[in-house]
Amino acid sequence: MDKFTTIKSTVVPISIENIDTDQIIPARFLKATTREGFGENLFRDWRYNEDNSPKKEFILNNPAFKGHILVAGRNFGCGSSREHAAWAIHDYGFKVVISSFFADIFKNNALNNGLLPVQVSDKFLKTIFNKVAADKNVEVTVDLENQLVTIDEESEKFDINHYKKTCMINGYDDIDYLLSIKNKIEDYEKTSKYLKLVQ
């Protein structure tokens with residue numbers, strides 16, 4: 001995975017609550033087993049008509065809105081546990097999703113696939129939506145090291161699991177992380193009284 005430290009970007013706002021994983025990536029597009037290509041069908045039924053023509057009113061089809069940060073309404077990623085939802089968002093080009101609440105399984109899937117879910121308060125989420133509505137070119141900064149999200153002069157801290165934070169900053173998946181502490185594991189094996197007893 002790519003290393004993640006700080007990102008500063010304009011945002012794509014979708015102020016809809018309870019966006020479920022079937023809306024993010026419809027079930028009929030889940031046949032592939034690799035992560036590539038899912039971005040083409042991100043929010044497919046919202047982006048396209050039945051004849052595959054773009055729906056002009058949908059935000060992803062509006063060239064005025066672009067960036068690496070998706071801002072969505074509360075309870076994002078609810079519904080089924082499909083990991084493909086995180087794949088689709090990341091493959092489309094988003095690096096961060098900001099919401100005031102995430103479904104737990106989606107949140108874990110996102111973190112496992114290099115997509116940072118940033119949970120903020122309802123008040124701060126509303127602030128972001130309002131500022132983007134006033135100026136679509138306003139930028140949001142997400143500082144993972146300091147766990148801080150900022151828009152204009154307003155900031156808010158966000159929580160993240162320490163292990164997942166370490167993995168994202170270093171671009172590790174679970175195996176990479178274990179390899180990075182290989183020496184510590186070997187030292188523990190040499191000194192562990194429990195391991196000596198079972199050998």
Side-chain angles (χ1 to χ4, degrees), residues 1-17 19 24-25 35-40 42-43 46-47 58-77 85-103 106-173 176-177 180:
M1 295 190 294
D2 294 334
K3 294 181 179 180
F4 190 115
T5 51
T6 299
I7 186 169
K8 185 176 183 180
S9 173
T10 51
V11 308
V12 177
I14 303 180
S15 57
I16 301 172
E17 296 187 349
I19 297 176
I24 296 170
I25 182 73
R35 303 177 188 181
E36 294 77 23
F38 281 94
E40 296 178 6
L42 176 65
F43 297 119
W46 291 354
R47 285 170 68 191
F58 187 60
I59 194 78
L60 292 190
N61 296 326
N62 186 341
F65 292 94
K66 56 186 176 181
H68 297 295
I69 300 175
L70 175 65
V71 183
R74 184 177 179 81
N75 198 29
F76 186 82
W87 294 359
I89 296 169
H90 189 271
D91 188 63
Y92 185 84
F94 291 116
K95 306 298 182 186
V96 177
V97 182
I98 298 175
S99 180
S100 59
F101 184 79
F102 293 96
F106 172 83
K107 189 174 186 177
N108 288 328
N109 286 339
L111 289 166
N112 288 337
N113 287 280
L115 177 67
L116 179 62
V118 173
Q119 185 167 319
V120 298
S121 65
D122 288 317
K123 181 180 178 181
F124 194 75
L125 182 66
K126 185 176 181 180
T127 295
I128 296 175
F129 280 132
N130 288 341
K131 287 183 176 292
V132 173
D135 177 9
K136 62 181 179 297
N137 294 313
V138 68
E139 292 184 313
V140 171
T141 300
V142 177
D143 180 350
L144 178 57
E145 181 69 39
N146 295 300
Q147 296 176 217
L148 194 68
V149 56
T150 303
I151 183 167
D152 287 341
E153 300 301 317
E154 298 187 55
S155 299
E156 185 169 286
K157 298 279 286 187
F158 63 91
D159 293 328
I160 183 172
N161 175 276
H162 179 73
Y163 166 66
K164 292 299 183 182
K165 177 180 177 179
T166 299
C167 287
M168 291 204 72
I169 288 175
N170 292 281
Y172 292 158
D173 61 18
D176 293 327
Y177 177 78
S180 76

Begin from the C-alpha positions of Glu145 and Thr6 and carry the test side chain to side chain contact (heavy atoms under 4.5 Å, CB included) through to its verdict.
CA-CA 8 Å; Glu145 181 69 39; Thr6 299; 5.8 Å; no
Separation between CD1 of Ile24 and CZ of Phe38, rounded to the nearest 0.5 Å:
13.0 Å
Check the pair Phe65 / Ile14 against side chain to side chain contact (heavy atoms under 4.5 Å, CB included), numbers first and verdict last.
CA-CA 11 Å; Phe65 292 94; Ile14 303 180; over 6 Å; no
When every non-hydrogen atom of Ile89 is compared with those of Phe106, the smallest separation belongs to CD1-CZ, 3.7 Å
Between atom NZ of Lys95 and atom CG of Leu116, what is the distance when rounded to the nearest 0.5 Å?
12.0 Å
Ignoring hydrogens, what is the shortest heavy-atom contact between Thr150 and Ser155? Give both atom names and the distance.
OG1-OG, 2.7 Å
Quick one: closest heavy-atom pair of Ile25 and Ala88, and the distance?
CB-CB, 4.2 Å
Residue pairs involving residues 63-76 (criterion salt bridge (Lys or Arg N to Asp or Glu O under 4.0 Å); sequence neighbours excluded):
Arg74-Asp122
Apply side chain to side chain contact (heavy atoms under 4.5 Å, CB included) to Ile59 and Phe43, showing your working.
CA-CA 10 Å; Ile59 194 78; Phe43 297 119; over 6 Å; no
Reported NZ-to-CG distance for the pair Lys165 and Leu111, which is rounded to 0.5 angstrom
12.5 Å
Heavy-atom pair with the smallest gap, counting every atom of Phe4 and Val142
CE2-O, 4.2 Å
Rounding to 0.5 Å, atoms OG1 (Thr10) and CG (Asn137) come to a distance of 7.0 Å
Is it true that, when you exclude Asp135 itself, more than 12 heavy atoms of the residues, nucleotides or ligands shown sit nearer than 6.0 Å to its CG?
yes
Any chance you could measure Met1, atom CE, to His90, atom NE2, to the nearest 0.5 Å?
8.5 Å
Residue that, paired with Val149, satisfies side chain to side chain contact (heavy atoms under 4.5 Å, CB included) out of Val120, Val96, Thr141:
Val120
To the nearest 0.5 Å, how far apart are CG in Leu42 and CG in Leu70?
7.5 Å
Among all residues two or more places apart in sequence or in another chain, which pass the salt bridge (charged side-chain N to carboxylate O under 4.0 Å, His left out) test with Lys8?
Glu139
Are more than 12 heavy atoms, taken from residues, nucleotides or ligands other than Gln147, located less than 6.0 Å from that residue's CD atom?
yes
Checking side chain to side chain contact (heavy atoms under 4.5 Å, CB included) between Phe124 and each of Gln119, Glu154, Lys157, which is the one that passes?
Glu154
